[in-house]
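Within every chain, numbering begins at 1; the chains are lettered A, B, ... in the order of the sequence lines, protein sequences first and strands thereafter.
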2 protein chains.
Amino acid sequence: MAAPPLCLSFPDVEAAYGRISPHVHRTPVLTNSHLVSLSSRSNVLFKCEAFQRTGSFKFRGATNAVLCAKEACPELPAVVTHSSGNHAQALALAAGMQGVKAHIVMPDTAPRTKLEAVRDTYKAAVTLVPASERQSAADKKLAEIPGSEFVHPSEDPRVIAGQGTVCMELMEQTEEQLGAGSKLDVVIIPVGGGGLASGNSVALRGKWGRDVKIVLAEPAIVDDAKRSFDAGELVKNGPEKSVGDGLNTQLGPNTFPVIKANVDDIYTVTEDDILRNTRLVWERMKVLIEPSAGVGVAVLLSDAFKAKYPPAQFPNVGVILCGGNVDVVDVAAKMAKLP
Amino acid sequence: MAAPPLCLSFPDVEAAYGRISPHVHRTPVLTNSHLVSLSSRSNVLFKCEAFQRTGSFKFRGATNAVLCAKEACPELPAVVTHSSGNHAQALALAAGMQGVKAHIVMPDTAPRTKLEAVRDTYKAAVTLVPASERQSAADKKLAEIPGSEFVHPSEDPRVIAGQGTVCMELMEQTEEQLGAGSKLDVVIIPVGGGGLASGNSVALRGKWGRDVKIVLAEPAIVDDAKRSFDAGELVKNGPEKSVGDGLNTQLGPNTFPVIKANVDDIYTVTEDDILRNTRLVWERMKVLIEPSAGVGVAVLLSDAFKAKYPPAQFPNVGVILCGGNVDVVDVAAKMAKLP
């Protein structure tokens, strides 16, 4: 039996790139001699999505979804989602910039700072409900506003295509920094819901084919992607939560098949590794990444990754630093307790 | 009686700019919509010296001093300084990159991380002595190595000229970002020993003349610059120390006359203001500045500055974020205790 078709292909990412470029930041690619030295590679390019609007790559997918929905229906009245994290802020601003109302359902346990960002800074309408009622609350809002559209944080193919523009830029910036025709040997991408991972795997395969290894990075205590990849079918996370809070989510029926088709390896890292490597980036690169982004750096510097992808054969590595939305004081207090 | 000539003039800064540009990073100028909104200005350009080699602007002055010394004496055997801070790391790397040995006298109370950076990362020879013996230890080292040169962190005119290249870049980047012929109405510069402030005041006056206001920013508890400026003569700091530890230093006989000649105003800010504004930059701009750099942001957003330099008449402001060398965990613990 032939596998069902994937939910997106390379032309979708290319189209998203053209569509959203006027609205998103082309984020810088930085490097750091100390981290390069620790990695034993020739070059490590860090794609800094912490500097993206709303502080994470999520603004790309949200912008693509809103623009696609408006192309299909110029009178689009509203977009709706449920999220307590980076997607909420991203969709709020993306919609606002296109003159579309955003309705965000948030759990009533969401931190005050995130609620304020979505409601006050980005001017979305917020509905607070118990976490168990978030889908029904979103459905109710969709029913109330005829023509409004639901934008899922990671499963929406328009969102996935938008996230893939991170590597569309990174591939261009690799040539700018390492010379025309240069490619990266490996790109490391954090995985949570899988929107970033799947979209960028399509971008990388579409432009660089099999010349690049695609490696995902995941917290060990929420390793559904690793276990699903190994089992060949979707498995669920347990109740534990990682300090890499952007990654406390599940692959889904759209993202998992794309990842299965394109990704070479998935590595997991401990909570202590995440905190240590997040701090390393803070203090050495001076970029305030969130711990979700530290997960990729932890893989880069792990013995397991170096053993399978030796620096001599894989001298040039890219790492996506996915976001920078973090309560510094809270996370620094956790760092202070590291052994 | 005519005032004695200043220790440097604009051609010295221009020469330094040409001399050091191949060796230093042209640091990015970033902005942030939230901070612009809080400032009520049209544009705020943040010059990010946290991304400079060794994590601060100090690398510029150190590089200029080493290159000048080598021009005068190609066989220069060594440079010597005493510093526990950013100048130590900067001179260590600047000398190493030019094949010159660096001898750094550090107080035996210096934090382990700073000692390791200077000795292990940047490969300088370190002499640890009680703080009271640092000058005599440096003099001893200079006597031991014939032809070696002392490089003072802020009083050396070669260092001052090198620091002035921050604004040489910023003035070009202002035109790149705001359009050809654009100028900033005000530039805010943190002041400690005064090397950054005096060098950049010469750069700004040399190229933009009196079209730009030059405002210095200083912690209130180490306000020797403010009090010296008001008194017209050098006065000393008391024993208190600021969390903006790069600014716990004194103006000297070389920097003060330059500042007196060029600067329009000096504003002081409280320790709580410094911590609050440092955190604001961390969490909004995602740049891990040190508290010394937060001092300038605190002035930008202060009522006193807004009152004297109203946004309507002074719409475009530049702020020098001077460095990013900070123990995040330690400073975040102080932030957690803010009222």
Side-chain angles (χ1 to χ4, degrees), chain A residues 25-35 37-38 46 48-56 59 89 93 96-97 111 113-114 116-117 120-122 275-276 278-290 293 321-338, chain B residues 25-35 37-38 46 48-56 59 89 93 96-97 111 113-114 116-117 120-122 275-276 278-290 293 321-338:
Chain A
H25 289 323
R26 189 176 202 258
T27 55
V29 167
L30 300 179
T31 190
N32 177 273
S33 54
H34 183 70
L35 283 158
S37 164
L38 290 178
F46 295 94
C48 295
E49 287 293 294
F51 298 133
Q52 187 52 265
R53 286 182 198 272
T54 71
S56 88
F59 183 70
Q89 300 178 51
L93 180 63
M97 282 173 60
T113 50
K114 299 216 165 180
E116 286 175 357
D120 304 333
T121 306
Y122 301 121
L275 286 169
R276 256 186 232 109
T278 299
R279 183 174 182 175
L280 187 67
V281 171
W282 288 6
E283 298 199 333
R284 289 291 180 156
M285 290 186 63
K286 322 297 181 190
V287 178
L288 199 84
I289 59 169
E290 55 185 72
L321 299 179
C322 51
N325 291 326
V326 52
D327 183 325
V328 184
V329 168
D330 178 56
V331 171
K334 292 191 174 87
M335 289 172 177
K337 290 182 196 141
L338 280 173
Chain B
H25 290 324
R26 188 176 203 259
T27 55
V29 167
L30 300 179
T31 189
N32 176 273
S33 54
H34 183 69
L35 283 158
S37 164
L38 290 178
F46 294 95
C48 295
E49 287 293 294
F51 297 133
Q52 187 52 265
R53 287 183 198 272
T54 72
S56 88
F59 184 69
Q89 300 177 51
L93 180 63
M97 283 173 61
T113 51
K114 299 216 165 177
E116 287 175 356
D120 304 334
T121 306
Y122 301 121
L275 285 168
R276 255 185 232 110
T278 300
R279 183 173 184 177
L280 187 67
V281 171
W282 289 6
E283 298 199 336
R284 289 291 180 157
M285 289 186 64
K286 321 295 181 189
V287 178
L288 199 84
I289 59 169
E290 55 185 73
L321 299 179
C322 50
N325 291 326
V326 52
D327 183 325
V328 184
V329 168
D330 178 57
V331 171
K334 292 191 174 89
M335 290 172 177
K337 290 181 197 142
L338 281 172

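- When heavy atoms are compared at a cutoff of 4.5 Å, B:Ser37 does not approach chain A at all.
- Contacts between B:Arg53 and chain A at a heavy-atom distance below 4.5 Å are absent for every atom of the residue.
- Both the backbone and the side chain of A:Asn325 come within contact range of chain B, each with at least one heavy atom under 4.5 Å from a heavy atom of that chain.
- Within the 4.5 Å cutoff, the side chain of A:Trp282 has no heavy atoms near those of the B:Val326 side chain.
- Neither the backbone nor the side chain of B:Ala333 has a heavy atom closer than 4.5 Å to any heavy atom of chain A.
- Residue contact with chain B, scored on non-hydrogen atoms closer than 4.5 Å, is absent for A:Ser33.
- Taking each heavy atom of B:Glu283 and A:Val328 in turn, the nearest pair found is OE2-N, 3.1 Å.
- Between atom CG of residue B:Asp327 and atom CZ of residue A:Arg279 there is a gap of 5.5 Å, rounded to the nearest 0.5 Å.
- Neither the backbone nor the side chain of B:Asn32 comes within contact range of chain A; no heavy atom of the residue lies under 4.5 Å from a heavy atom of that chain.
- Between the side chain of A:Lys286 and the backbone N or O of B:Gly324 there is at least one donor-acceptor pair closer than 3.5 Å.
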